[in-house]
Amino acid sequence: MELLNNAKEILLYAVMGVLAIGLIAALIRTIAGPRFTDRIVGINMIGTQTVLMLCILSYLQKEQYLVDVALIYAMISFLGVVVMVNIYLSVFRERTIRWKKQMELYDAEHEIETTEVGKEKA
(Lines give C-alpha, C1' and ligand atoms only; values in the text may rest on other atoms or scores of the structure.)
Protein backbone atom coordinates (compact mmCIF):
# COMPACT_ATOMS: atom_id res chain seq x y z
CA MET A 1 0.00 0.00 0.00
CA GLU A 2 2.91 2.31 0.76
CA LEU A 3 4.30 1.70 -2.72
CA LEU A 4 0.98 2.69 -4.27
CA ASN A 5 0.85 5.92 -2.24
CA ASN A 6 4.41 6.77 -3.25
CA ALA A 7 3.60 6.15 -6.90
CA LYS A 8 0.51 8.36 -6.62
CA GLU A 9 2.52 11.18 -5.06
CA ILE A 10 5.21 10.90 -7.74
CA LEU A 11 2.52 11.02 -10.43
CA LEU A 12 0.89 14.08 -8.88
CA TYR A 13 4.23 15.88 -8.62
CA ALA A 14 4.87 15.04 -12.29
CA VAL A 15 1.46 16.46 -13.17
CA MET A 16 2.33 19.61 -11.22
CA GLY A 17 5.52 19.89 -13.29
CA VAL A 18 3.62 19.51 -16.55
CA LEU A 19 1.09 22.11 -15.37
CA ALA A 20 3.95 24.47 -14.47
CA ILE A 21 5.36 24.11 -17.99
CA GLY A 22 1.88 24.74 -19.41
CA LEU A 23 1.55 27.77 -17.16
CA ILE A 24 4.78 29.21 -18.52
CA ALA A 25 3.64 28.53 -22.11
CA ALA A 26 0.30 30.24 -21.43
CA LEU A 27 2.12 33.21 -19.89
CA ILE A 28 4.30 33.53 -23.00
CA ARG A 29 1.17 33.35 -25.20
CA THR A 30 -0.49 36.00 -23.05
CA ILE A 31 2.43 38.39 -23.30
CA ALA A 32 3.39 37.79 -26.94
CA GLY A 33 -0.06 37.10 -28.40
CA PRO A 34 -0.56 39.21 -31.50
CA ARG A 35 -4.29 39.56 -30.92
CA PHE A 36 -6.32 40.50 -27.89
CA THR A 37 -8.24 37.23 -28.10
CA ASP A 38 -4.97 35.30 -27.68
CA ARG A 39 -4.36 37.22 -24.50
CA ILE A 40 -7.83 36.48 -23.17
CA VAL A 41 -7.44 32.76 -23.85
CA GLY A 42 -3.97 32.81 -22.27
CA ILE A 43 -5.28 34.45 -19.10
CA ASN A 44 -8.13 31.94 -18.94
CA MET A 45 -5.62 29.08 -19.30
CA ILE A 46 -3.44 30.52 -16.54
CA GLY A 47 -6.46 30.71 -14.23
CA THR A 48 -7.54 27.16 -14.98
CA GLN A 49 -4.07 25.71 -14.51
CA THR A 50 -3.63 27.60 -11.26
CA VAL A 51 -6.88 26.15 -9.92
CA LEU A 52 -5.73 22.64 -10.90
CA MET A 53 -2.39 23.16 -9.21
CA LEU A 54 -4.06 24.42 -6.03
CA CYS A 55 -6.34 21.35 -5.93
CA ILE A 56 -3.43 18.96 -6.41
CA LEU A 57 -1.43 20.82 -3.79
CA SER A 58 -4.40 20.58 -1.43
CA TYR A 59 -4.46 16.82 -1.86
CA LEU A 60 -0.70 16.42 -1.44
CA GLN A 61 -0.47 18.63 1.63
CA LYS A 62 -3.74 17.33 3.10
CA GLU A 63 -4.97 20.90 3.59
CA GLN A 64 -8.67 21.21 2.80
CA TYR A 65 -8.76 25.01 2.90
CA LEU A 66 -6.76 25.15 -0.34
CA VAL A 67 -9.78 23.75 -2.19
CA ASP A 68 -11.78 26.74 -0.96
CA VAL A 69 -9.01 29.05 -2.12
CA ALA A 70 -9.06 27.31 -5.52
CA LEU A 71 -12.83 27.80 -5.84
CA ILE A 72 -12.58 31.48 -4.97
CA TYR A 73 -9.69 31.88 -7.41
CA ALA A 74 -11.74 30.18 -10.14
CA MET A 75 -14.63 32.60 -9.59
CA ILE A 76 -12.35 35.63 -9.65
CA SER A 77 -10.58 34.34 -12.77
CA PHE A 78 -13.91 33.79 -14.51
CA LEU A 79 -15.10 37.29 -13.63
CA GLY A 80 -11.82 38.75 -14.85
CA VAL A 81 -12.19 37.04 -18.22
CA VAL A 82 -15.81 38.20 -18.53
CA VAL A 83 -14.80 41.80 -17.78
CA MET A 84 -11.97 41.67 -20.31
CA VAL A 85 -14.27 40.28 -23.00
CA ASN A 86 -16.80 43.00 -22.23
CA ILE A 87 -14.11 45.68 -22.59
CA TYR A 88 -12.93 44.12 -25.84
CA LEU A 89 -16.45 44.05 -27.27
CA SER A 90 -17.14 47.68 -26.34
CA VAL A 91 -13.89 48.82 -27.97
CA PHE A 92 -14.70 46.72 -31.04
CA ARG A 93 -18.18 48.30 -31.29
CA GLU A 94 -16.73 51.81 -31.03
CA ARG A 95 -14.17 51.07 -33.72
CA THR A 96 -16.85 49.61 -35.98
CA ILE A 97 -19.07 52.67 -35.56
CA ARG A 98 -16.12 55.00 -36.21
CA TRP A 99 -15.13 53.00 -39.29
CA LYS A 100 -18.68 53.10 -40.67
CA LYS A 101 -18.83 56.88 -40.22
CA GLN A 102 -15.50 57.28 -42.00
CA MET A 103 -16.70 55.09 -44.85
CA GLU A 104 -19.92 57.09 -45.17
CA LEU A 105 -17.91 60.35 -45.33
CA TYR A 106 -15.56 58.84 -47.88
CA ASP A 107 -18.46 57.60 -49.98
CA ALA A 108 -20.16 60.99 -49.82
CA GLU A 109 -16.95 62.77 -50.93
CA HIS A 110 -16.27 60.20 -53.60
CA GLU A 111 -19.83 60.49 -54.93
CA ILE A 112 -19.48 64.30 -55.26
CA GLU A 113 -16.20 63.90 -57.16
CA THR A 114 -17.64 61.36 -59.56
CA THR A 115 -20.69 63.48 -60.34
CA GLU A 116 -18.47 66.52 -60.97
CA VAL A 117 -16.24 64.48 -63.24
CA GLY A 118 -19.31 63.17 -65.05
CA LYS A 119 -20.64 66.73 -65.63
CA GLU A 120 -17.31 67.92 -67.01
CA LYS A 121 -17.25 65.14 -69.57
CA ALA A 122 -20.79 65.80 -70.76
- Query: Under a single-linkage definition using a 4.5 Å side-chain heavy-atom cutoff for Ile, Leu, Val, Met, Phe, Trp and Tyr, are Leu54 and Leu71 assigned to the same hydrophobic cluster?
  - Reply: no
- Decide if atom NZ of Lys101 counts as having more than 12 heavy atoms of other residues, nucleotides or ligands within a radius under 6.0 Å. no
- Side chain to side chain, Leu89 and Val85, heavy atoms closer than 4.5 Å: yes
- Message: Using 0.5 Å steps for rounding, measure from the OH atom of Tyr106 to the CH2 atom of Trp99.
- Response: 12.0 Å
- Task: Indicate, with yes or no, if Val67 and Met75 share a hydrophobic cluster defined by side-chain heavy-atom contacts under 4.5 Å among Ile, Leu, Val, Met, Phe, Trp and Tyr.
- Result: no
- Task: Decide whether Ile56 and Ile10 are clustered together by the hydrophobic rule: side chain heavy atoms of Ile, Leu, Val, Met, Phe, Trp, Tyr closer than 4.5 Å, transitively.
- Result: no
- Message: I need the minimum non-hydrogen distance between Tyr13 and Gln61, along with the two atoms involved.
- Response: OH-NE2, 4.3 Å
- When rounded to the nearest 0.5 angstrom, what is the spacing between CG in Leu66 and CG in Leu57? 5.5 Å
- Task: Could you walk me through whether Leu27 and Leu23 pass side-chain contact (heavy atoms from CB on, under 4.5 Å), step by step?
- Result: CA-CA 6 Å; Leu27 182 65; Leu23 194 72; over 6 Å; no
- Closest heavy-atom contact between Ser58 and Glu63? OG-O, 2.6 Å
- Minimal heavy-atom distance between Ile31 and Arg39, with the atoms involved, is O-NH2, 3.6 Å
- Shortest non-hydrogen contact from Met16 to Met53? SD-O, 3.7 Å
- Query: In terms of hydrophobic clustering (I, L, V, M, F, W, Y; side-chain heavy atoms under 4.5 Å; direct or indirect links), are Leu52 and Tyr59 co-clustered?
  - Reply: yes
- Message: Would you say CZ of Phe78 has more than 12 non-hydrogen atoms from neighbouring residues, nucleotides or ligands within 6.0 angstrom?
- Response: no
- Ile46 and Thr50, any side-chain heavy atoms less than 4.5 Å apart: yes
- Note on the structure: Here the gap from Gln49 atom CD to Asn44 atom CG, rounded to the nearest 0.5 Å, amounts to 10.0 Å
- Message: With clusters defined by side-chain heavy atoms of hydrophobic residues (ILVMFWY) lying less than 4.5 Å apart, directly or transitively, does Ile76 cluster with Ile43?
- Response: no
- Note on the structure: CD of Gln102 to CD of Glu104, rounded to nearest 0.5 Å, is 11.0 Å
- For the student: nearest non-hydrogen atoms of Gly42 and Ala26, plus distance: O-CB, 4.0 Å
